[in-house]
Structure formats: C-alpha cells, structure tokens
Asks: 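Following this message is one structure expressed as structure tokens.
Counting starts at 1 for both ligands and their atoms, in listed order. Just so you know, these numbers use all the heavy atoms, side chains as well, and skip hydrogens, waters and symmetry mates.
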Amino acid sequence: MAFEDLTGRFQMALRRLTGKAKLTENDIDEMMREVRLSLLEADVNYKVVKEFTEDVKVLAYGEKILKGLKPGEQVVKIVNDELTKLMGEETSEINLKTNDMTVMLMVGLQGAGKTTTAGKLANFIKNKHNKKPMLIAADVYRPAAIEQLQTVGQQLGIEVYQEGLIDPETIVKNGLKYAKEQAYDLVIIDTAGRLHIDDSMMDEIQKIEKLSKPDEVLLTVDAMTGQDAVNVAETFNKALNLTGCILTKLDGDTRGGAALSIRKMTGVPIKFSGTGEKLEDIEVFHPERMASRILG
Ligand code: GDP
C-alpha cells in the first residue's frame with residue numbers, strides 16, 4: 001500500500017515523544033525534522049511540506065501542549081489534524097442531480113487509469129445511488145481505448161455509447177441525446193488522454209465541456225507520479241472547471257505524495273481513490289481516514 005515508508009517513519013518520530021511526561025521545543029523540532037524529511041521523500045511538494053511543518057510547530061509549541069498531560073499524544077493529534085486539513089478536511093461529495101440527467105466528464109493523461117475509473121465510477125454510483133448509468137466513448141485517438149471501455153461496460157452490464165473514430169464532439173452530442181431518450185440518469189464521458197498535455201487536446205476537451213455542461217469534471221491522476229500529478233492537475237485546472245480529482249493506484253507500492261499535495265496546491269478536492277485493478281476497487285476519499293492511515 002502507498003505510504004508504507006511514510007507511516008513507518010512518522011511512527012518512529014512520534015513514538016519518541018509519546019512516552020515523555022514533558023516535552024521541550026527541541027523535542028518537537030527533532031520530531032518535525034524527521035517528519036519533514038519523510039514527507040519530502042514521499043514526494044510531497046516542498047511548499048506544502050514547509051507550511052505543514054510550520055503550522056504543526058506553532059500549535060505544538062503551545063504552553064498547554066508542552067506542559068500539559070500526555071504532551072506526546074497531543075502532538076500526534078495535531079499532526080493528524082493538520083494532515084487531514086492538507087487533504088481537504090471534509091469528505092467532498094459527488095454532485096448528482098435528483099430530477100435530471102447528471103453528466104460527468106473524465107479527463108486525464110493516458111495511462112492514469114481514466115478509462116478503468118470511468119467504469120468503476122459508473123458502477124459505484126449505480127450501486128450506491130441507485131442511478132442508471134451510460135458511458136460515452138469519446139477517446140477517438142486510440143481504437144483500443146474504445147474497445148477497452150466496451151469491455152469494461154460489458155463486465156459491468158453498463159451500456160457504452162460509441163460511434164467509432166469520428167469527431168468526439170459529435171459523439172458526445174449524439175450520445176447525450178441518446179441517453180436522454182433511453183432515460184439514463186447518469187452519463188460518464190471518457191475523453192481522450194494523451195501522453196502529454198497539448199493545446200489541441202485541451203481545446204477539444206474545452207469544447208466538450210462547453211457542449212455537455214457537466215456536473216462533474218473529474219481529473220484522473222496517477223498517485224505514483226508524485227509531484228508530476230500536481231503539475232498535471234494545475235494545468236488541467238487552468239483550462240477546465242475541474243470539480244474534483246480521482247487518485248488512482250493508491251494500492252501501489254508508491255510514495256503517494258500526490259495525495260498530500262494536490263488539494264493544497266490546486267484547491268481541487270480529491271473525491272475518490274483507485275485502490276486496485278478490479279472494477280470494484282474504488283473508494284470515496286475521506287481525508288480524515290487517509291490521515292489516520294498515514295499515521296498507522
Ligand atoms: P487510461 O489510459 O487513463 O484510460 O488508463 P487505463 O484505464 O487504461 O489504466 C491504465 C492501467 O492502470 C491499467 O492497467 C489499469 O488496470 C491500471 N489501473 C487503473 N486504476 C488502477 C488502480 O487504482 N490501481 C491499480 N493497481 N491499477 C490501476
């Protein structure tokens with residue numbers, strides 16, 4: 001699982017404090033030095049690390065903490081709360097219309113897990129919110145992407161609308177019309193992913209965003225890519241009205257730093273996490289649970 005290294009190091013750093021009856025500022029500084037290094041090694045953005053370290057110190061230096069009962073435990077709680085804050089504090093709800101069709105746009109770079117996640121998400125919302133979903137295959141640059149979405153759809157018993165490799169705007173327009181006629185109440189559009197962000201890609205997704213008026217624009221990012229994931233999110237967020245991101249591959253043996261940087265750096269909430277290759281491996285992202293998991 002991601003964060004194993006981070007968890008081990010946090011535990012070691014914090015354990016040194018928890019046995020002590022009294023703490024000094026020096027104890028806090030030593031602990032925070034270790035925490036800081038382990039966050040940087042987990043590929044958390046340095047600005048985020050700096051701010052986090054300063055915030056924890058200010059709180060932990062407080063008289064009440066240093067001279068209070070069980071000071072080490074109080075410091076652990078501060079670290080836990082500040083980690084939660086980094087990831088957005090509250091769980092970010094998914095926008096679903098109650099009386100009309102909900103439209104979601106999936107964007108992201110190739111290989112991030114966008115197509116798989118489109119299927120996972122459709123299935124998750126179908127089961128949890130009792131929706132009738134349809135998928136639109138608008139990734140027209142790789143024939144394999146359409147086939148892949150169809151395979152995912154078949155496995156889940158979810159219809160996939162596709163028209164082959166024609167222009168994606170037409171597919172989306174026709175697909176949305178078809179979904180309305182068929183009384184689907186959730187449409188998830190899989191857009192093209194490329195290896196690198198380029199202007200024509202953004203241009204195309206912007207056009208699809210404009211015509212489909214999505215309730216959610218969800219960026220799929222690979223947690224394994226650390227700070228690159230943050231750069232990707234910043235670029236997409238400039239061009240589109242991102243409403244959330246989905247961090248995939250959190251099950252991997254990764255440093256996982258993206259989870260701790262992305263919200264703070266972009267303001268975009270993490271709404272879901274991908275935790276495996278199977279189509280049921282998707283979870284709502286809960287900042288406080290993730291913080292507890294990181295602390296072990
Ligand atoms: P796309 O190019 O962004 O559409 O990416 P795909 O959906 O084709 O996924 C790329 C690879 O990542 C596939 O092998 C997926 O099975 C895998 N994948 C996607 N999400 C996850 C995840 O949460 N965990 C793991 N371990 N693998 C994932």
Asks: Between Q162 and G164 (side chain of the first, backbone of the second, donor and acceptor by atom type, cut-off under 3.5 Å), is there such a pair?
Replies: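 Checking the backbone N and O of G164 against the side chain of Q162, a donor-acceptor pair under 3.5 Å is found.
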
Asks: Considering non-hydrogen atoms only, spot the tightest contact between L242 and A233 and give its length.
Replies: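 Taking L242 first and A233 second, the nearest heavy atoms are CD1-O, 4.0 Å.
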
Asks: In this structure, does ligand 1 have an atom that sits under 4.0 Å from one of the heavy atoms of G193?
Replies: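 G193: no contact with ligand 1 (<4.0 Å).
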
Asks: In ligand 1, which numbered atoms sit nearer than 4.0 Å to a non-hydrogen atom of T116?
Replies: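 Contacts of ligand 1 toward T116, numbered from 1: 6 (P), 7 (O), 9 (O), 15 (C).
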
Asks: Nearest heavy-atom pair of K249 and A112: which atoms, and what distance?
Replies: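 Shortest heavy-atom contact: CE-O, 3.8 Å.
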
Asks: Which one holds for K278 and ligand 1: side chain close, backbone close, both close, or neither close, with close meaning a heavy atom under 4.0 Å?
Replies: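 Within the 4.0 Å criterion, K278 makes no contact with ligand 1.
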
Asks: Any idea which protein heavy atom is nearest atom 21 (C) of ligand 1, and the distance to it?
Replies: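 The closest one turns out to be G276 O, 3.5 Å.
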
Asks: For ligand 1, is there an N or O atom under 3.5 Å from any N or O atom of G111?
Replies: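 Checking ligand 1 against G111, an N or O pair does fall under 3.5 Å apart.
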
Asks: Can a donor-acceptor pair be found between the side chains of Y46 and Q227 at a distance below 3.5 Å?
Replies: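 There is no such pair between these side chains.
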
Asks: State, to 0.1 Å, how close D43 and T225 come at their nearest heavy-atom pair, and which atoms those are.
Replies: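 Residues D43 and T225, closest heavy atoms: OD2-O, 4.3 Å.
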
Asks: Below 4.0 Å, non-hydrogen atoms only: which portion of M106 touches ligand 1? Side chain, backbone, both or neither.
Replies: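 Neither part.
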
Asks: Taking 4.0 angstrom as the limit and counting only heavy atoms of A112, give me the atoms of ligand 1 inside it, by number and element.
Replies: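 The atoms of ligand 1 under 4.0 Å from a heavy atom of A112 are 3 (O).
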
Asks: Give the residue, atom name and distance (to 0.1 Å) of the protein heavy atom nearest atom 24 (N) of ligand 1.
Replies: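 For atom 24 (N) of ligand 1, the nearest protein heavy atom is D251 OD1, 2.8 Å.
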
Asks: As an exercise, identify every atom of ligand 1 less than 4.0 angstrom from a heavy atom of R142.
Replies: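 What qualifies from ligand 1 is 2 (O).
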
Asks: Considering non-hydrogen atoms only, spot the tightest contact between I262 and A229 and give its length.
Replies: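 Distance-wise, the nearest heavy atoms are CD1-O, 3.9 Å.
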
Asks: Under 4.0 angstrom from ligand 1, any heavy atom of T275?
Replies: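 Yes.
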
Asks: Less than 4.5 Å apart, any side-chain heavy atom of M104 and any of L96?
Replies: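 Answer yes - side chains close enough.
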
Asks: Report the nearest protein non-hydrogen atom to atom 19 (C) of ligand 1: residue, atom name, distance rounded to 0.1 Å.
Replies: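 Closest protein heavy atom to atom 19 (C) of ligand 1: G113 CA, 3.8 Å.
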
Asks: Which of the numbered atoms in ligand 1 are below 4.0 angstrom from a heavy atom of T115?
Replies: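 Contacts of ligand 1 toward T115, numbered from 1: 1 (P), 4 (O), 7 (O).
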
Asks: Quick check: Q110 and ligand 1, any N/O pair under 3.5 Å apart?
Replies: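 No, there is no polar N/O contact under 3.5 Å.
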
Asks: Just by distance, do the side chain of T102 and the backbone of K97 share a donor-acceptor pair under 3.5 Å?
Replies: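 Yes, because the side chain of T102 sits within donor-acceptor range (under 3.5 Å) of the backbone of K97.
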
Asks: Do E280 and N123 have a side chain donor and acceptor closer than 3.5 Å?
Replies: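 Judged by distance alone, the side chains do not pair up.
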
Asks: Find all atoms of ligand 1 within a distance of less than 4.0 Å from any non-hydrogen atom belonging to L109, and give their numbers and elements.
Replies: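 In order of number, 3 (O).
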
Asks: Quick check: F272 with F285 (ring centres under 6.0 Å apart)?
Replies: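 Ring centroids of F285 and F272 are no less than 6.0 Å from each other.
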
Asks: So, is E277 polar-close to ligand 1, with some N/O to N/O distance under 3.5 Å?
Replies: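 Yes, at least one N or O pair falls under 3.5 Å.
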
Asks: Hey, which atoms in ligand 1 end up nearer than 4.0 Å to a heavy atom of G274?
Replies: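 Close to G274: 23 (O).
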
Asks: Could you list the atoms of ligand 1 found under 4.0 angstrom from a heavy atom of Q148?
Replies: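 Once the distances to Q148 are compared, the set is 6 (P), 7 (O), 8 (O).
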
Asks: Ignoring hydrogens and angles, tell me if any N or O in the side chain of D27 forms a donor-acceptor pair with the backbone of T24 under 3.5 Å.
Replies: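 Between the backbone of T24 and the side chain of D27 there is a qualifying donor-acceptor contact (under 3.5 Å).
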
Asks: Identify the protein heavy atom lying closest to atom 17 (C) of ligand 1, giving its residue, its atom name and the separation to 0.1 Å.
Replies: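 Here the closest protein heavy atom is K249 CE, 4.1 Å.
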
Asks: Relative to the heavy atoms of K114, which atoms of ligand 1 are at a distance of less than 4.0 Å?
Replies: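 In order of numbering, the contacting atoms are 1 (P), 3 (O), 4 (O), 5 (O), 7 (O).
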
Asks: Under a 3.5 Å threshold, yes or no: a donor from one side chain and an acceptor from the other, between D190 and T115?
Replies: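 The answer is yes; a qualifying pair exists.
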
